[in-house]
Amino acid sequence: MKNIRFILLVVLAAILVGCGTTKTVPITGRQQSLMVSDGEVLSLSTQQYQEFMKSAKLSTNATNTAMVKRVGEKLANAVTNYLRSNGMADDLQYYKWQFNLVQNNQVNAWCMPGGLICVYEGLLPVTQNEASLAIVLGHEIAHAVARHSAEQMSTQMKQQYGLQIGSAVASAMGVGATAQSIGQWALSQQFNFKNLKYSRNHESEADHLGLIFAAMAGYDPQVAVSFWQRMAAHTGSSQQSDIYSDHPSDATRIKQIQGWMPEALTYYKGNSSSSKSSTPSKSSKTSKTTKKSTTPQTTKTIHIKSK
């Protein structure tokens with residue numbers, strides 16, 4: 001009887017872990033399994049974004065506010081054109097683009113699912129120019145386009161199921177309560193460590209997509225290197241170890257960006273017209289890369305200030 005129960009539990013675990021919807025990340029072509037829908041995530045993120053903006057103080061600098069909105073809209077138009085041109089027009093219903101500049105000295109920006117973006121005033125002295133701001137906003141938009149929040153939520157749900165099923169399997173096999181507690185603790189620690197790598201992969205994928213989105217919008221992607229060099233100087237963390245961090249080090253980011261630059265340049269036409277920069281030249285090849293402060297829970301941040 002115990003063997004039968006064990007087999008049934010294993011089958012149940014396989015079903016739970018395997019369920020969900022398979023999506024493809026634009027540009028990279030990476031496959032992802034999601035257990036939450038775009039509509040559910042957008043509803044949650046919209047509520048949280050609205051709550052945050054109620055307490056936030058909008059920037060009173062009209063010039064900088066206009067720049068953030070201008071750059072954001074160019075990027076959003078480029079992404080919209082790309083999705084429409086590549087058979088993903090249905091996804092556009094899940095984007096409610098907003099770009100707000102708020103009074104906060106932190107060097108940071110973040111995006112919630114659906115393209116709800118917030119930029120802190122403290123970021124602008126480091127970006128220094130519109131093109132570098134486009135690199136940052138492209139990165140943030142990429143988190144939304146790649147459904148990173150939904151993917152992380154799905155991963156956490158699967159891990160929780162795994163812990164619950166593991167406990168049930170252990171009980172069915174007659175494992176004692178103490179041994180079960182130790183096993184669950186060890187498994188949860190393993191999950192936490194893996195999640196750091198998942199997060200680093202998402203940050204790298206956002207860098208990759210963001211570089212291309214900026215190029216599509218008519219911004220020179222090559223400014224990304226100097227921007228991240230400034231960030232490294234600002235944070236003093238260019239040589240930090242990646243393995244225990246949820247973000248790649250600045251040195252790793254710069255190296256990866258340099259590797260993606262030839263691809264990004266195929267999307268760059270050297271002008272500010274996003275409609276003319278939404279498709280690569282014939283020489284481009286699609287890459288198949290596998291790839292906190294006062295911020296709301298489902299936010300993805302560029303993490304350009306040490307926490």
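Just so it is clear, the structure is predicted and the values come from calculations on it, not from any experiment.
- Lys69 contributes a side-chain N or O that, together with a main-chain N or O of Phe99, makes up a donor-acceptor pair within less than 3.5 Å.
- In this structure a side-chain-to-backbone donor-acceptor pair under 3.5 Å is missing from Glu73 to Gln98.
- One side chain, Ser204 or Gln256, offers a donor N or O that lies under 3.5 Å from an acceptor on the other.
- The shortest distance between side-chain heavy atoms of Glu121 and Gln106 does not fall below 4.5 Å.
- For Gln31 and Thr22, the side-chain atoms include no donor-acceptor pair closer than 3.5 Å.
- With salt bridges taken as basic N to acidic carboxylate O contacts below 4.0 Å, one links Glu151 and Arg30.
- Taking OG1 from Thr127 and CG from Leu137, the interatomic distance works out to 9.0 Å, rounded to the nearest 0.5 Å.
- Side-chain N or O atoms of Ser154 include none that pairs as donor or acceptor with a backbone N or O of Leu34 at under 3.5 Å.
- Between the side chain of Tyr219 and the main chain of Val71, no donor-acceptor pair closer than 3.5 Å is present.
- Side-chain contact check for Asn100 versus Val68: every heavy-atom pair is 4.5 Å or farther apart.
- The heavy-atom pair separating Ala109 from Val136 by the smallest distance is CB-CG1, 3.9 Å.
- Of the possible donor and acceptor atoms, one in the side chain of Ser226 sits under 3.5 Å from a partner among the backbone N and O of Val223.
- For the residue pair Glu205 and His143, no side-chain donor N or O sits within less than 3.5 Å of a side-chain acceptor on the partner.
- Remark: side-chain polar atoms of Thr46 are paired, donor with acceptor, to backbone N or O of Leu42 under 3.5 angstrom.
- Salt bridge annotation for Asp90-Arg84: absent, with no cationic side-chain nitrogen under 4.0 angstrom from a carboxylate oxygen.
- Residues Arg253 and Glu203 form a side-chain contact, since some pair of their non-hydrogen atoms from C-beta on lies under 4.5 Å apart.
- Between Phe227 and Asn129 there is no side-chain heavy-atom pair separated by less than 4.5 Å.
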